[in-house]
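I have placed the structure first, in the form of structure tokens, so that the comments after it can refer back to it.
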Number of protein chains: 2
Amino acid sequence: MTKPPSTDSDKLVDALVQTAFRTMAALSRIGAEHDLSLTQLRALGILRDRRLRMTALADFLGLEKSTMTGLVDRAEKRGLLRRGPNASDGRAVDVFLSSDGAVLAGRVHAQVAEALSPTTGALAPAEQRRLQVLLDRMLDSQAVLR
Amino acid sequence: MTKPPSTDSDKLVDALVQTAFRTMAALSRIGAEHDLSLTQLRALGILRDRRLRMTALADFLGLEKSTMTGLVDRAEKRGLLRRGPNASDGRAVDVFLSSDGAVLAGRVHAQVAEALSPTTGALAPAEQRRLQVLLDRMLDSQAVLR
DNA sequence: TATTGTTATACTCTATAACTATA
DNA sequence: TATAGTTATAGAGTATAACAATA
């Protein structure tokens, strides 16, 4: 009942998973500094250049609409997000960043870049570009991960 | 108050963050299939080749010791983990996988590899090796991400 | 009728503080 | 005294089901 030996493909998967946990740990820590859950942090990032109706944001985040209500309630109470009417559908509610929310989203983004820079800095500039190309190709290869 | 233009370094950071969210989404989904939270999934993975005392596991996961008690309680009740005495410290409690837990951990690991394979499969074998080398170098470059 | 969002409710995950047992 | 772990408690995040308003 011991762990079977790793294949080459396993090693890449393990590296991806480890990288993901490291990255999420940095995001969590930075979020916590601003009293933001990982989900709220992500919502701020998504809304940085979009105005979305509740269900669309829920889809982005993979959450139920009732969960969105609570998340947006709390963020709106803090003055980070705002609700507004949707131009084309009277049932829908749009969500977007307040100016405070936009400032915070920008600061968080800068902090994330700074937090990851020692990591990416372990690679030479040419390697960083190669890594980015490889990751982007993987990301483009499918809309949703099965 | 709009988004500033992206630098090259930003693009790599964004790719890392996107990859992390995609990877975590796959892990969450697979965990949910087995009624495992992301944290429980990770605990199973960590304990796959280790026997740890409560506080050591808590450190790995970045959790408080009281949170560990609850997590281990639930997993032990399900028969996935077991508690045992620590050989050298009468206060300490060791945690380790039960045989059922080891089977599940192995299955989950295989599922994760399978779930990510379409993604990694977007790259040619030589590229996959290069990606793995680059990621491992980043991971090795520091114990903890600041 | 179907869809959008909210409300009511319940459960999991998490942390803080107080406690017990051992070092 | 200090450390390891548990218990008690409270808050955030999540989902399901029932509901109101609009399409």
Side-chain angles (χ1 to χ4, degrees), chain A residues 21 24-25 27-47 51-96, chain B residues 21 24-25 27-47 50-78 80-96:
Chain A
F21 276 122
M24 300 309 280
L27 294 177
S28 289
R29 182 181 54 69
I30 290 166
E33 283 178 23
H34 300 283
D35 273 304
L36 294 171
S37 72
L38 209 42
T39 307
Q40 287 174 317
L41 189 86
R42 206 177 158 200
L44 253 56
I46 289 170
L47 293 176
R51 171 186 177 117
L52 294 174
R53 49 165 70 188
M54 295 289 283
T55 44
L57 182 55
D59 286 346
F60 265 91
L61 294 169
L63 297 172
E64 286 302 313
K65 53 189 182 171
S66 63
T67 305
M68 278 312 315
T69 298
L71 190 151
V72 171
D73 279 354
R74 291 184 288 273
E76 193 177 27
K77 205 163 294 178
R78 281 181 61 185
L80 301 177
L81 299 184
R82 289 183 53 203
R83 282 175 165 95
N86 181 278
S88 59
D89 188 334
R91 298 168 300 179
V93 172
D94 281 354
V95 197
F96 50 96
Chain B
F21 276 122
M24 300 308 279
L27 295 177
S28 288
R29 182 181 55 68
I30 291 167
E33 283 176 25
H34 300 284
D35 272 303
L36 293 171
S37 71
L38 208 42
T39 307
Q40 287 173 316
L41 188 85
R42 205 176 158 200
L44 253 57
I46 289 170
L47 293 176
R50 294 177 192 87
R51 172 186 175 118
L52 294 175
R53 50 165 70 187
M54 295 288 282
T55 45
L57 182 56
D59 287 345
F60 264 92
L61 295 169
L63 297 172
E64 287 301 313
K65 53 189 183 170
S66 63
T67 305
M68 278 312 315
T69 299
L71 189 150
V72 172
D73 279 353
R74 290 184 289 272
E76 192 176 28
K77 205 162 293 177
R78 282 181 61 185
L80 301 177
L81 299 185
R82 288 183 54 201
R83 280 177 166 93
N86 180 279
S88 59
D89 188 335
R91 299 169 300 179
V93 172
D94 280 355
V95 196
F96 50 95

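In what follows, every chain begins at residue 1, and chains take the letters A, B, ... in the order their sequences are listed.
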Letter per nucleotide, 5' to 3', of nucleotides 9-20 of chain D [B base touched, S only sugar-phosphate touched, - untouched; heavy atoms, 4.0 Å]: ----SSBBB---

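- Closest heavy-atom contact between B:Leu41 and B:Gly31: CD1-CA, 4.0 Å.
- To the nearest 0.5 angstrom, B:Leu81 atom CG is 7.5 Å from B:Leu71 atom CG.
- Across A:Arg78 and A:Asp35, no two heavy atoms sit closer than the pair NH1-O, 2.7 Å.
- Here side chain to side chain donor-acceptor pair (under 3.5 Å) pairs that include residues 65-77 of chain B, with residues two or more places apart or in two chains, are B:Asp73-B:Arg83, B:Glu76-B:Arg83.
- The shortest distance between the side-chain N/O atoms of B:Arg53 and the OP1/OP2 oxygens of D:dA4 is below 4.0 Å.
- Residues from residues 75-96 of chain A lying near DNA chain C, meaning a heavy-atom separation below 4.0 Å, are A:Arg83, A:Arg91, A:Ala92, A:Val93 in numerical order.
- In this structure, B:Ala32 has no side-chain contact (heavy atoms from CB on, under 4.5 Å) partners at least two apart in sequence or on a different chain.
- Across A:Val95 and A:Leu47, no two heavy atoms sit closer than the pair O-CD2, 3.8 Å.
- At a threshold of 4.0 angstrom between heavy atoms, the contacts of A:Thr55 are confined to the sugar-phosphate backbone, with no base atom among them.
- Residue B:Arg42 places its CZ atom among more than 12 non-hydrogen atoms of other residues, nucleotides or ligands, all under 6.0 Å distant.
- Applying the salt bridge (Lys or Arg N to Asp or Glu O under 4.0 Å) criterion to B:Glu64, with sequence neighbours excluded, gives no partner residue.
- Taking every nucleotide of DNA chain C with any atom under 4.0 Å from a non-hydrogen atom of chain B, the first and last of them, 5' to 3', are C:dC13 to C:dA23.
- The side-chain contact (heavy atoms from CB on, under 4.5 Å) check on B:Ser37 picks up B:Thr39, B:Gln40, with sequence neighbours excluded.
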Ignoring hydrogens and angles, write down the donor-acceptor pairs under 3.5 Å from the side chains of residues 84-92 of chain B, residues two or more places apart or on other chains.
residue, atom, partner, partner atom, Å
B:Asn86, OD1, B:Ser88, N, 2.9
B:Asn86, OD1, B:Ser88, OG, 3.1
B:Asn86, OD1, B:Asp89, N, 3.1
B:Asn86, ND2, B:Asp94, OD1, 2.9
B:Asp89, OD1, B:Arg91, N, 2.9
B:Asp89, OD1, B:Arg91, NE, 3.2
B:Asp89, OD2, B:Arg91, NH2, 3.1

